[in-house]
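In listed order, ligands and their atoms are each counted from 1. Owing to the predicted nature of the structure, the values given are computational and were not obtained by experimental measurement.
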Amino acid sequence: MESTSRIIVALDFDSRRAAEEVVDRLGDECRFYKVGLELLAAAGPDFIKHLVAEGHEVFLDLKLFEIPNSVAGAVRVAGALGASMVTVHSMGGTDIMAAAVAAARDFPRLRVLALTVVTSMTGSDLADLGVNASTEEQVLRLARLADGAGCHGVIASPQEAARLRGVLGSSSLIVTPGVTLPGESPSEHARPGTPRAAVAAGASHIVVGRTVTRAEDPVAAVRLVRADLGL
Ligand code: C5P
């Protein structure tokens, strides 16, 4: 894998102008961007097309949790926009994940990733939902379900990557947000890890947001991420 393609920078902004400013500053330093609901709602789908046309890969983080027909429709739109990754909630169950995977078949570059347990959640948050499992048990259970539904990979915290790699085998994608540089405050991430630790544990890709996008010098910050990875 091209080294720059392992690092996905999350463009969590509320305007196209702010996102473009970071993309322009990063230039060739970053190839892969994550666009979530905030920026999609603010900037519209044309911005995804624009990023793809400029040679970037786009992870469209839609976190789909809907009836299978609606999930399939949204995945087809993500594919038509040129996205490389799209997310579906594994908590929605096998049917919606299978519908997403089936819809993605028309778009050979599109990978369907299942969200397991968001990195801000702890065991007590799960208990509040009536889930009597540790976050790790729940992540592994949902990852098996996603794998069985044909998903190309999962989203999980760096701390679960090693167990997941064991469960999913070598070809699945494991994409880890909740990544911070050594010594950096983990903000609201409950289960953080450094880029190096995430990849050493088996992550195929890491998602880095504010560490890069809110840095005074985003280029220097992304280089620090790469250096931590030994790239
Ligand atoms: O914290 P950071 O700015 O690096 O967040 C980057 C991405 O990681 C966000 O777009 C979000 O989807 C994901 N994230 C997460 N759990 C958190 C915080 C962020 O999954 N607690």
(message) If I apply the N/O under 3.5 Å rule, does Gly209 come out as touching ligand 1?
(response)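 Yes; at least one N/O pair falls below 3.5 Å.
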Below 4.0 angstrom from a heavy atom of [X], which ligand 1 atoms are there? Numbered from 1 as shown, please.
X      : value
Arg210 : 1 (O), 2 (P), 3 (O), 4 (O)
Pro177 : 8 (O), 13 (C), 20 (O)
Lys34  : 7 (C), 9 (C), 10 (O), 11 (C), 12 (O)
Asp61  : 12 (O)
Lys63  : 12 (O)

(message) Quick check: do Gln138 and Glu160 have side-chain heavy atoms less than 4.5 Å from each other?
(response)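 Heavy-atom side-chain distance check fails, nothing below 4.5 Å.
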(message) Could you check whether any side-chain heavy atom of Val75 comes within less than 4.5 Å of a side-chain heavy atom of Val88, counting everything from C-beta outward?
(response)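 Val75 vs Val88: side chains apart.
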(request) Compute the minimum heavy-atom distance from Asp12 to ligand 1 and say whether it is under 4.0 Å. (result)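 Judged by the 4.0 Å heavy-atom criterion, Asp12 does count as contacting ligand 1.
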(request) Tell me, please: is Glu38 in heavy-atom contact with ligand 1, that is, under 4.0 Å? (result)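 Judged by the 4.0 Å heavy-atom criterion, Glu38 does not count as contacting ligand 1.
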(message) In terms of relative ring orientation, are His56 and Tyr33 parallel, tilted or perpendicular, with 30° and 60° separating the classes?
(response)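 Correct class here is perpendicular.
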(request) Kindly say whether Asp106 contributes a backbone atom to a donor-acceptor pair with the side chain of Arg76 at under 3.5 angstrom? (result)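 No, Arg76 side chain to Asp106 backbone: no donor-acceptor pair under 3.5 Å.
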(message) Using a strict threshold of under 4.0 Å (side-chain N to carboxylate O), is an ion pair present between Arg17 and Glu21?
(response)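 Salt bridge flag = yes for Arg17 with Glu21.
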(message) Nearest 0.5 Å, please: how far is NE2 in His152 from CG in Leu173?
(response)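 That separation rounds to 8.0 Å.
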